[in-house]
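Each ligand, and each atom within it, is numbered from 1 in the order the structure gives. In this text the structure is predicted, and so the values were computed from the model without any measurement. Positions are given from 1, in the same order as the sequence printed here.
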Amino acid sequence: MSKSDKPILRALHGESSRRPPFWLMRQAGRYLPEYRALRQKAGGFLDLCYAPELAAEVTLQPIRRFGMDAAILFADILLVPQAMGQKLWFAEGEGPRLEPIRTRVEAESLNLDGMAGRLAPVYQAASLVAAALPEKTALIGFAGAPWTVATYMVEGGSSRDYANVKEWAFGDPAGFGVLIDRLVEATAAHLSAQLDAGAEVVQIFDTWASAVGPEHFDRLVIEPTRRIVERVRRNHNDALVIGFPRGIGELYPRYFAETGVDGIGIDAGMAPSLAARNLQPHGTVQGNLDPRVLVAGGEAMEKAVAAILAALSNGPFIFNLGHGVVPETPVDHVVRLTELLRTA
Ligand code: CP3
């Protein structure tokens with residue numbers, strides 16, 4: 001079978017289908033008992049990311065249970081700054097922590113040379129998964145977009161107001177540009193390496209794109225992403241790329257047209273009918289069930305899924321959530337979701 005017989009790849013090439021393919025952001029993770037067991041065995045989250053056999057196993061767990069049309073490689077967007085030399089750790093129950101970088105000199109000291117070696121276990125995991133997947137299931141690699149990764153690098157973890165990163169980005173555009181440039185280079189290399197290892201699609205997560213604002217959007221969101229897509233396609237001219245600039249509202253069409261991505265992930269805040277009208281004419285749409293509707297299940301979920309399918313399955317479409325699966329999600333609700341999608 002040729003690669004492009006996989007439903008996700010066909011959708012990204014612009015084909016529509018009455019029963020659209022699906023996968024779920026964060027489909028591997030704490031809502032699955034088998035994930036929790038393996039994570040405990042590995043020690044910590046980062047230990048899991050750097051153990052190729054275990055990371056491959058965790059990637060495959062949701063595929064075995066639910067049969068999604070794509071697997072997403074188990075890793076994290078913050079492995080890239082770590083591979084460039086920034087200290088990263090996950091404090092139990094607190095999320096990610098990094099030793100903050102806030103000056104041009106610190107940005108200049110980020111080191112791209114050792115990156116490929118440090119991330120080799122991630123690429124090994126990708127090869128293991130690629131060899132083990134069912135023949136119609138695609139492998140998706142990913143990275144964080146420069147802006148989103150920079151928020152963690154500068155704030156030292158998750159942030160409520162992005163005070164430090166905005167002060168730097170708005171007050172010293174040239175200095176902050178050094179950080180963005182390093183991230184463009186590192187991210188393009190990381191995505192290319194995942195494609196070399198067997199990934200067939202890459203997704204760029206710009207989870208905090210909505211914090212930027214229209215005035216700085218070109219410089220901080222569109223341009224860095226466009227440059228990454230261009231660089232990735234220098235090595236892989238047929239690379240399929242999905243952008244996920246979460247929460248950008250009316251800037252979605254411009255992001256889609258100007259970055260060159262093949263597919264666009266929309267968050268749960270966008271009406272599916274609006275996405276059908278404004279985005280599908282330009283390419284493939286992916287989304288956008290609210291992860292909390294998946295937690296609620298029942299009639300709320302049945303109705304929301306029906307509305308999304310009615311609006312979007314006439315054009316190129318990949319069903320997904322509007323953001324990642326949350327740990328409280330009942331496994332039974334994911335089972336029901338897969339039934340709804342298979343009988344659509
Ligand atoms: O299944 C998949 O989608 C693949 C794996 C994946 C993870 N993180 C695993 C993970 C992916 C694609 C990511 C992306 C990621 N990581 C993003 C962008 C997407 C998004 O969700 O907004 C961001 C912002 C991060 C950074 C990050 N990693 C945070 C903020 C956290 C803590 C929050 C949390 O859920 O605990 C992580 C940890 C993380 N990444 C976990 C997993 C499964 C939980 C770790 C654990 O305790 O086991």
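- The pair Glu200-Lys6 meets the salt-bridge criterion, with a side-chain N (NZ, NE, NH1 or NH2) lying under 4.0 Å from an Asp/Glu carboxylate O.
- Residue, atom and distance of the protein heavy atom nearest to atom 14 (C) of ligand 1 are Ile77 CG2, 3.8 Å.
- In this structure, the protein non-hydrogen atom closest to atom 11 (C) of ligand 1 is Phe142 CZ, 3.6 Å.
- In terms of protein heavy-atom proximity, atom 38 (C) of ligand 1 is closest to Phe90 CE2, 3.4 Å.
- Residue contacts with ligand 1: Pro96 is included, with a non-hydrogen atom under 4.0 Å away.
- Using a 4.5 Å cut-off on side-chain heavy atoms (C-beta onward), Phe142 and Ile204 make no contact.
- Every heavy atom of Val325 sits 4.0 Å or more from the atoms of ligand 1.
- Atoms of ligand 1 lying under 4.0 Å from any heavy atom of Ile72, numbered from 1 in the order shown and given with element: 1 (O), 2 (C), 3 (O), 4 (C), 12 (C).
- Of the protein's heavy atoms, Asp76 OD1, 2.7 Å lies nearest to atom 28 (N) of ligand 1.
- Within 6.0 Å of the CD atom in Glu215, the count of heavy atoms belonging to other residues, nucleotides or ligands does not exceed 12.
- Contact annotation for Thr59 and ligand 1: no heavy atom of the residue comes within less than 4.0 Å of the ligand.
- Short contacts between ligand 1 and Thr207, defined as distances under 4.0 Å to a heavy atom of the residue, involve ligand atoms 18 (C), 19 (C), 20 (C), 22 (O).
- The shortest N/O to N/O separation between Thr148 and ligand 1 does not fall below 3.5 Å.
- The existence of a salt bridge linking Arg233 and Glu230 is excluded, since no basic side-chain nitrogen approaches an acidic carboxylate oxygen closer than 4.0 Å.
- With a 6.0 Å cutoff to the six-membered ring centre and a 45° limit on the axis angle, Lys87 counts as a cation-pi contact of Trp89.
- Using cut-offs of 30° and 60° on the angle between ring planes, the pair Phe45 and Phe74 is perpendicular.
- Within the set Arg36, Arg26, His323, the minimum heavy-atom distance to atom 22 (O) of ligand 1 is found for His323.
- The shell of residues lying under 4.0 angstrom from ligand 1, judged by heavy atoms, excludes Gly157.
- Looking at Glu92, Arg30, Arg39 and measuring to atom 34 (C) of ligand 1, the nearest heavy atom belongs to Arg30.
- Judged by the 6.0 Å distance and 45° axis criteria, Arg102 is not positioned over the aromatic ring of Trp168.
- At a heavy-atom distance under 4.0 Å, no atom of Arg246 approaches ligand 1.
- Near Tyr35, meaning under 4.0 Å from any of its heavy atoms, are these atoms of ligand 1: 43 (C), 45 (C), 46 (C), 48 (O).
- Within the 4.0 Å heavy-atom cutoff, Tyr152 counts among the residues contacting ligand 1.
- The ring of Tyr123 has its center closer than 6.0 angstrom to the ring center of His190.
- Residue nearest to atom 9 (C) of ligand 1, selected from Ala75, Gly324, Ala28: Ala75 (by heavy-atom distance).
- A salt bridge does not link Glu185 with Arg182: none of the charged nitrogens is closer than 4.0 Å to a carboxylate oxygen.
- At the top of the distance list for atom 39 (C) of ligand 1, counting protein heavy atoms only, stands Phe45 CZ, 3.5 Å.
- The pair Glu339-Arg342 does not meet the salt-bridge criterion, since no charged nitrogen lies less than 4.0 angstrom from a carboxylate oxygen.
- Under the 30°/60° scheme for interplanar angles, the aromatic rings of Phe170 and His216 are found to lie parallel.
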